[in-house]
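Accompanying notes for the structure given below.
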Amino acid sequence: MWLPLVVRRHRVLAGWLAALLAIVGLHLYFNTNDVDNVPASYRFKKLKQEENLQAGEGSQVSALSSDAQDGSQETNTEKKDSSKRDPKDSPPNSWRSGERNPGRMSSKKTSSFDRKHRKLYEPPPNETPMKRLPQAIVIGTGKCGTRALLEYLAIHPYVVHASHEVHFFDRDENFSKGLDWYRAQMPASYSNQVTVEKSPAYVEHARSAPEIYKMDRSVRLVWVVKDPVVRLMSAVAIQQSGPPQHFYLERVKGSLAIKKYNNAVDRGKYIVHLRKWLKFFPLSQIHIMDGGALKREPVDGMQRVEHFLGLPPLLGPSNFYYNATKGFYCRVLFSASRPSCLGKSKGRKHPHLNDTVKALLYDFYRPYNEEFFEAIGRRFDWEPKDYT
Ligand code: A3P
């Protein structure tokens with residue numbers, strides 16, 4: 001009986017109270033999404049842990065970082081690129097959870113991001129994060145989508161990765177610094193996370209396979225390959241001097257031929273590289289994926305890598321947003337309200353190939369491809385198309 005009287009007397013107060021209740025209700029509603037369906041007790045299949053651990057600090061998941069050129073060189077320009085977002089890249093409003101990325105796991109604040117993220121990932125109790133040698137390495141091949149793969153993998157809260165290409169095994173000056181130096185390049189992680197490093201030149205370097213084996217014979221290797229002709233065009237597209245065909249064509253007795261001794265050409269002879277790795281690692285320890293498929297349809301490819309790395313199955317369609325302007329998918333972190341895309345150094349226009357040169361290139365690579373398919377027991381669709 002007294003309630004209507006009070007409401008009438010304190011109309012303004014009642015209005016504010018109703019608004020407050022509505023806001024709390026909406027907040028609870030929007031924070032209850034698919035993330036809640038992840039079993040908190042999920043523990044990822046533990047990969048072999050590095051025994052001699054060093055204490056360290058650092059953030060859990062690094063932000064979208066720079067791309068690699070064909071020579072596997074990270075560029076600062078790219079860092080700038082990725083921060084300059086095209087407004088057209090924004091997702092529709094309905095997409096936004098209303099939560100900005102407030103910093104990573106190391107943040108002391110308990111924001112709604114932290115609460116949501118904790119449901120996805122729980123560090124082992126009473127553990128201090130430490131730097132560890134990588135348990136998974138993306139070994140190559142440059143220009144096949146290695147950067148996209150790493151950035152997609154970093155969506156996963158159980159994955160941490162080196163912020164740059166470390167080039168430990170392929171560069172003498174780094175290799176001579178030893179494994180402690182290599183470990184120091186990694187971010188701190190918990191024992192139930194997977195530390196990943198990608199240096200695409202490893203796949204071709206003679207030292208990589210034997211030395212990685214010596215470091216950790218149970219390491220998981222991820223190798224992105226791509227139609228070698230498309231890969232070559234991608235590599236040629238970043239060359240600035242001279243006509244593109246000079247990088248891979250020569251005249252032999254008056255006829256056009258593919259250059260015999262050329263690094264850019266050789267990178268696409270995947271079978272040659274695979275043989276070196278199979279001397280040390282079984283095929284089951286090398287996850288080979290087609291970069292073309294990763295670019296066209298990342299969800300399936302990423303779920304397979306997730307499985308290969310023994311990670312809890314968290315990645316799904318909502319982590320990928322197709323950007324029609326760029327022509328590829330951008331990643332969506334669990335913690336972010338907007339997708340982040342790779343910068344302008346990815347998705348460059350490839351040089352036009354006339355039919356003669358295209359046929360020459362495909363004929364050149366076909367026998368290598370066939371041997372490769374036979375060795376890995378799978379085929380990829382690497383026949384001429386109109387995509388270069
Ligand atoms: P192009 O720039 O020639 O198109 P890498 O990172 O190994 O150097 O590979 C670069 C290539 O990755 C790019 O070659 C691009 O085609 C491909 N790629 C695949 N998925 C991508 C994505 N989501 N964003 C950007 N590039 C992607």
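Note that the numbering runs from 1 along the sequence shown for the chain. Both counts, for ligands and for their atoms, begin at 1 and track the order of listing.
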- Query: Aromatic ring centroids of Y329 and Y321 under 6.0 Å?
  - Reply: no

- Task: Please check if the distance between the ring centroids of Y365 and W382 is under 6.0 Å.
- Result: no

- Indicate, as side chain, backbone, both or neither, the part of L342 found under 4.0 angstrom from ligand 1 when only non-hydrogen atoms are considered. side chain

- For atom 18 (N) of ligand 1, which candidate among E151, K349, M233, K295 provides the closest heavy atom? K295

- ligand 1 atoms in contact with K143 (distance to a heavy atom under 4.0 Å): 5 (P), 7 (O), 8 (O), 9 (O), 10 (C)

- Candidates K226, R231, H350; heavy atom nearest atom 15 (C) of ligand 1 found on K226

- Within 4.0 Å of some non-hydrogen atom of Y152, the atoms of ligand 1 are 22 (C), 23 (N)

- Message: Tell me whether C144 reaches ligand 1 (any heavy atom closer than 4.0 angstrom to a ligand atom).
- Response: yes

- Which of the ligand 1 atoms, numbered from 1, are nearer than 4.0 Å to a heavy atom of A148: 20 (N), 21 (C), 22 (C), 23 (N)

- Query: Partners of K269 by salt bridge (charged side-chain N to carboxylate O under 4.0 Å, His left out), sequence neighbours excluded?
  - Reply: D266

- Establish, yes or no, whether a centroid distance under 6.0 Å links the rings of F372 and W223. yes

- Query: Can Y121 and N192 be counted as having a side-chain donor-acceptor contact under 3.5 angstrom?
  - Reply: yes

- Message: Measuring from atom 14 (O) of ligand 1, which candidate in G145, G142, S234 has the nearest non-hydrogen atom?
- Response: S234

- Message: Just to be sure I read this right, does ligand 1 sit under 4.0 Å from the backbone of F328, its side chain, both, or neither, counting only heavy atoms?
- Response: side chain

- So if you build clusters from Ile, Leu, Val, Met, Phe, Trp, Tyr with side-chain heavy-atom gaps below 4.5 Å, do L256 and V252 land together? no

- Nearest heavy-atom contact between G310 and R220 is N-NH1, 4.3 Å

